[in-house]
Amino acid sequence: MKSKATDKVVKSPVRSIDTPTNLNKAPPPVSATAFSPATKPAVNIGPGFFERDSYMSTALPEILDRSVHALTAHFTLGLSPSSLASAYSDWALHLASAPGKQFQLIEKAATKAVRLATYSTHCGISHGDTAHCINPLPQDKRFTGAAWQQWPYNLMYQSFLMNQQWWHNATTGIRGVTKQHERVVEFAARQMLDIFSPSNFLATNPELLQKTMKESGQNLVRGAQNFVEDWERSVSGKKPSGTEDYKIGETLAVTPGKVIYSNQLIELIQYFPTTDKVHPEPIFIVPAWIMKYYILDLSSKNSFVKYLTEMGFTVFIISWKNPGPEERDLGMDDYRTLGITSALDAIGAITGAPRVHAIGYCLGGTLLSISAAALAREGNERYTTLTFLASQVDFKEAGELMLFINESEVTFLEDMMWEQGYLDTKQMAGAFQLLRSNDLIWSRLIHDYLMGERPAINDLMAWNADATRMPYKMHSEYLRHLFLNNDLAEGRYVVDGLPVTVSDIRVPIFAVGTEWDHVAPWRSVYKYNLLTDTDVTFLLTSGGHNAGIVSEPGRDNRHYRQATRKADDSYRDPDTWLNETDVQSGSWWPSLVEWLTEHSGDLTSPPPMGSNELPYKPLANAPGTYVLQE
């Protein structure tokens, strides 16, 4: 007698083509009687059977695509060929369909040719003493020497500058071209032209020729030796020549302190007080993890940390771990919780202070803004003031770095990082060098390899050679949510399931921008005035992203501008602010200390160094161990 089970037909479930496939889910168990010899199982090979997505058609193609992108990235410095091709096509097609622009370029070329011919004739008559037909940009120092003003070298560099100007006209001002594509094409044209600058070649550089004749070619011998040494150091993974004179804990990062807390991402350093009394609110510094923290604690003469302790503050600073493949899945929220939140808990437990003065530098300032906005949303008052050093919360005008940020480029970078688990230091350095190729590439080629002169390495240059990596997930989220989508400025950045906005921040802000910043342009940093509803003191200092911040008192040729906007004051655009704010000479550090002091309580006795019990018991002397990771 047959059981009822043997009369049933086993059917494959029919799945809609839109239903997601869970490849990790085990199939449901099948009864043993379903395939008993007494029955012939029916096999359903209907539409659903063929609509299943196989591993071959899903995961494998994605792995293949990512692998190809990662391999390509090794040869393109991480730049997406598709992105560059799209920019070029956009420019070329619009220029091809713009006869008016073409006629204008022909006219400009003819005009420049006539001007250059007239200049050449006047040079022959007056033996080089004639007005230039074009002047270099203020930041271009390649042709300032007296030797460049003599024929025929003056004609060479004038011809080069006019050619460069013509290509600027040719790559800009074309109706219909996407703004980003226009900037990419103009940037790429400038980079290619700079390769052929007369200053880069021995035969067309009068200063090089003079030096070679004077030294009977010994400069070229030294230059060849420098080149071989640099090549050997590069392939063996060594740091640049001269950096061995600077050692962390001996000549760099020497301010006395203790590591009083550590987790898988940070070491928190507390510095010894140098005054009998201190302000009750400690200073908590969040540096960027794209750099080693000791940019703010270089040598004893220019240590920002040391200066703050001498001004009567208790100082804590985060030292980030240099991530490897094992940290690939750490995201922005991990950096917020394991970094800032854990450090705040430690500082509160050690000092007993309910609130701190927080200072964020570069990417650390962006993360500090996110933390402050999230705490403000919850009504959690853990900050007395917030100071942002060359930090951004709005990335629409994030400088020339935005040249590389679009969907194609971000996807390309993600695939490159996906393969190795992080963004490598060399890949990061290559992008920054391209932004300042005259200073960081061609100038070095001339001085090191043709002049045969090694520039003296200083502490800031030694720090700059000590680069760090960035985890795959964190950098992907950073690029997408901040650079690409601008989520933080537009109220879409999510923390703990809800969006945060910097307009919720109500504590006073001190924001510092630097005049020549290629990473965080000062007009972008200035947007704290636009996006927040609190008192904002904005300070603009001379220098660049790093040298402008490391601006100790007593340093020559330093100046700054400073003004405060109250929460109920009208907004001033950055250019109006620049024209209406007076220049003051000297370092900006005393101005920050004065501002912090105004927002601090009465002096009190210094807190203990860490705690007698874990997890805040002193673990090691500063600078700790994470900063030593290569």
Side-chain angles (χ1 to χ4, degrees), residues 253 255-261 266-288 293-298 302-320 339-362 364-365 367-369 371-372 375 381-391 507-512 537 539 549-553 587-610 616 622-624:
T255 303
K258 292 283 187 180
V259 176
I260 52 86
Y261 173 73
I266 71 165
E267 288 181 334
L268 182 64
I269 300 173
Q270 179 183 0
Y271 291 94
F272 286 105
T274 58
T275 56
D276 294 334
K277 297 290 185 177
V278 297
H279 298 283
E281 299 85 2
I283 288 180
F284 169 44
I285 302 178
V286 185
Y293 85 88
Y294 66 90
I295 177 66
L296 300 175
D297 184 27
L298 286 171
N302 59 1
S303 169
F304 183 61
V305 166
K306 181 174 179 289
Y307 179 77
L308 291 175
T309 61
E310 291 172 346
M311 296 297 107
F313 290 97
T314 301
V315 179
F316 294 80
I317 194 169
I318 285 177
S319 175
W320 299 99
I340 292 181
T341 304
S342 295
L344 285 173
D345 291 342
I347 294 170
I350 292 167
T351 66
R355 305 173 77 181
V356 303
H357 296 299
I359 299 177
Y361 184 14
C362 186
L367 187 68
L368 179 60
S369 299
S371 167
L375 291 176
E381 299 179 352
R382 303 190 74 171
Y383 299 115
T384 299
T385 66
L386 293 167
T387 299
F388 300 106
L389 311 179
S391 304
V507 300
I509 290 174
F510 193 99
V512 179
T537 298
L539 185 146
I549 299 302
V550 184
S551 182
E552 70 280 3
S587 167
W588 61 269
W589 288 7
S591 292
L592 173 61
V593 167
E594 181 182 354
W595 182 83
L596 289 171
T597 302
E598 290 175 356
H599 294 86
S600 298
D602 296 332
L603 297 177
T604 185
S605 298
M609 292 295 296
Y616 307 127

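FYI, the numbering just counts along the sequence from 1.
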Candidate pair Thr387 and His357, rule side chain to side chain donor-acceptor pair (under 3.5 Å), full reasoning: CA-CA 8 Å; Thr387 299; His357 296 299; over 6 Å; no
Heavy-atom donor-acceptor pair, Ser551 side chain to Ile549 backbone, under 3.5 Å: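 Absent.
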Ser342 side chain reached by Tyr261 side chain, heavy atoms, under 4.5 Å: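 A side-chain contact exists here, since the closest heavy-atom pair is under 4.5 Å.
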Identify the heavy atoms of [X] and [Y] that sit nearest to each other, and give their distance.
X: Thr604; Y: Pro280; result: CG2-CA, 4.0 Å
X: Thr255; Y: Ala622; result: O-CB, 4.1 Å
X: Ser371; Y: Ile340; result: OG-CG2, 3.4 Å
X: Val507; Y: Arg355; result: CG1-NH2, 3.8 Å
X: His599; Y: Thr384; result: O-CG2, 3.4 Å
X: Ile260; Y: Gly610; result: CG2-CA, 3.6 Å

Test item: side-chain donor near acceptor, His279 and Thr314, under 3.5 Å: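 On atom types as modelled, these side chains do not qualify, holding no pair under 3.5 Å.
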Candidates Trp320, Tyr293, Phe388 - the one meeting side chain to side chain contact (heavy atoms under 4.5 Å, CB included) with Val286: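 Exactly one pass, corresponding to Trp320.
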Side chain to side chain contact (heavy atoms under 4.5 Å, CB included) between Leu386 and Phe510, intermediate numbers included: CA-CA 6 Å; Leu386 293 167; Phe510 193 99; over 6 Å; no
Aromatic centroids of Phe304 and Trp589 separated by under 6.0 Å: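 Ring-ring flag for Trp589/Phe304: true, centres closer than 6.0 Å.
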Phe316-Phe284 aromatic ring centre distance below 6.0 Å: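 Not under 6.0 Å, so no.
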